[in-house]
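Residue numbers start from 1 in every chain, and the chains themselves are labelled A, B, ... in the order their sequence lines are given, proteins ahead of strands. Note that this is a predicted model, so its numbers are computed, not measured.
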Protein chains: 2
Amino acid sequence: MRGRGPRSRRHHRGRWRVLARVERFAEPALLLLLRERPAHGYDLLERLPELTGEARVEMGNLYRLLRGLEEEGLVSSEWDASSAGPAKRRYALTPAGERLLDHWAEALHRSQERTARFLERYEERR
Amino acid sequence: MRGRGPRSRRHHRGRWRVLARVERFAEPALLLLLRERPAHGYDLLERLPELTGEARVEMGNLYRLLRGLEEEGLVSSEWDASSAGPAKRRYALTPAGERLLDHWAEALHRSQERTARFLERYEERR
DNA sequence: TCTTACATGTGTCTTTTACATGTAGCTACC
DNA sequence: GGTAGCTACATGTAAAAGACACATGTAAGA
């Protein structure tokens, strides 16, 4: 089974593991990291696990996501050759991006309540 | 934009609405409903919104999901012509399905903690 | 020189989801 | 007895999202 998609269950010791991830969670995670301080892609890649847990985001998908956010005007970027090493593209959050982050926070709060109701109902007749 | 996929943002009053749903949440919702009592597809379709919120599951996808669960031995089914109306396929949870529901509950609990950490960090510098 | 780490990408396939449509039995009503 | 409408199950298709492989180039150090 090559190139398997975003399934919640994963092969692990001969079984499937349930992950229960929030859809597109990498997006609000990026927005939050960028609100704290501007950063370049590779830096974000290393800091994302603080928010997403062990699940590491694929490099390629991260850069695609960043470009998508920029096309929608949610982040802005510019080449930064000031520091050592290869040139970096430094991303920063725009006001529109900050508003989207606020919407994400509200949605995540509602998601928390939904999941809490589910778990309560699950425990009821355990 | 026809046949748009499971994006977190949705067109709504000229903007995109963030949903922050848990991936494949319909699966644990089905398992929980079936643990409470055996049921047929159409019945489950009407009771699912109790758990998933306003977001209703597509009929076609629901039947596909049920067949998938049956192929994996997580639910069992049999035709039921006893009640009025067209014949129904009555689904019931298997022991394997009950174990999967337990794994989902654990995963959802971890998801709650991840999201709580995110929201804390979001509120820190609001 | 060769390797390793940093940094930014593209190609391509599978899975998941949304939405439209198809089929058929049962019931009620005229 | 015909037909309208509801119930119930099912397939077809396309787009979004994610997984993974791979390409390109810079720079530091053994």
Tabulated below should be each protein N or O lying under 3.5 Å from an N or O of nucleotides 6-11 of chain C; please produce it.
unit_1: dA7(C); atom_1: OP1; unit_2: Lys88(A); atom_2: NZ; d: 2.6
unit_1: dT8(C); atom_1: OP1; unit_2: Arg89(A); atom_2: N; d: 2.7
unit_1: dT8(C); atom_1: OP2; unit_2: Gly41(A); atom_2: N; d: 3.2
unit_1: dT8(C); atom_1: OP2; unit_2: Tyr42(A); atom_2: N; d: 2.8
unit_1: dT8(C); atom_1: OP2; unit_2: Tyr63(A); atom_2: OH; d: 2.8
unit_1: dT10(C); atom_1: OP2; unit_2: Arg67(A); atom_2: NH1; d: 2.8
unit_1: dT10(C); atom_1: OP2; unit_2: Arg67(A); atom_2: NH2; d: 2.6
unit_1: dG11(C); atom_1: N7; unit_2: Arg64(A); atom_2: NH1; d: 3.3
unit_1: dG11(C); atom_1: O6; unit_2: Arg64(A); atom_2: NH2; d: 2.4

Nearest-Å distance, [atom1] ([X]) to [atom2] ([N])?
{"X": "Leu48(B)", "N": "dT17(C)", "atom1": "CG", "atom2": "P", "result": "13 Å"}
{"X": "Leu66(B)", "N": "dT16(C)", "atom1": "CG", "atom2": "P", "result": "15 Å"}
{"X": "Phe25(B)", "N": "dT17(C)", "atom1": "CZ", "atom2": "P", "result": "12 Å"}
{"X": "Leu62(B)", "N": "dA18(C)", "atom1": "CG", "atom2": "P", "result": "12 Å"}
{"X": "Glu23(A)", "N": "dA18(C)", "atom1": "CD", "atom2": "C1'", "result": "12 Å"}
{"X": "Arg24(A)", "N": "dA15(D)", "atom1": "CZ", "atom2": "P", "result": "17 Å"}
{"X": "Arg21(B)", "N": "dG18(D)", "atom1": "CZ", "atom2": "C1'", "result": "15 Å"}
{"X": "Leu65(B)", "N": "dA18(C)", "atom1": "CG", "atom2": "P", "result": "12 Å"}

Any pair counted as ring-ring contact (aromatic ring centres under 6.0 Å, His included), so long as it reaches residues 107-126 of chain A, sequence neighbours left out: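 Residue pairs with at least one partner in residues 107-126 of chain A: Phe118(A)-Phe25(B).
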Return each pair, listed once, that meets ring-ring contact (aromatic ring centres under 6.0 Å, His included) where at least one residue sits in residues 28-66 of chain B; pairs must be two or more places apart or across chains.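 ring-ring contact (aromatic ring centres under 6.0 Å, His included) check on residues 28-66 of chain B returns no pairs.
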Shortest non-hydrogen separation from Thr94(A) to Gly73(A) and the atoms involved: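 Residues Thr94(A) and Gly73(A), closest heavy atoms: OG1-O, 2.7 Å.
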Please name all residues satisfying side-chain hydrogen bond (donor to acceptor under 3.5 Å, both in side chains) with [X], sequence neighbours left out, ordered by chain then number.
{"X": "Arg35(B)", "answer": "none"}
{"X": "Glu106(B)", "answer": "none"}
{"X": "Glu123(A)", "answer": "Arg126(A)"}

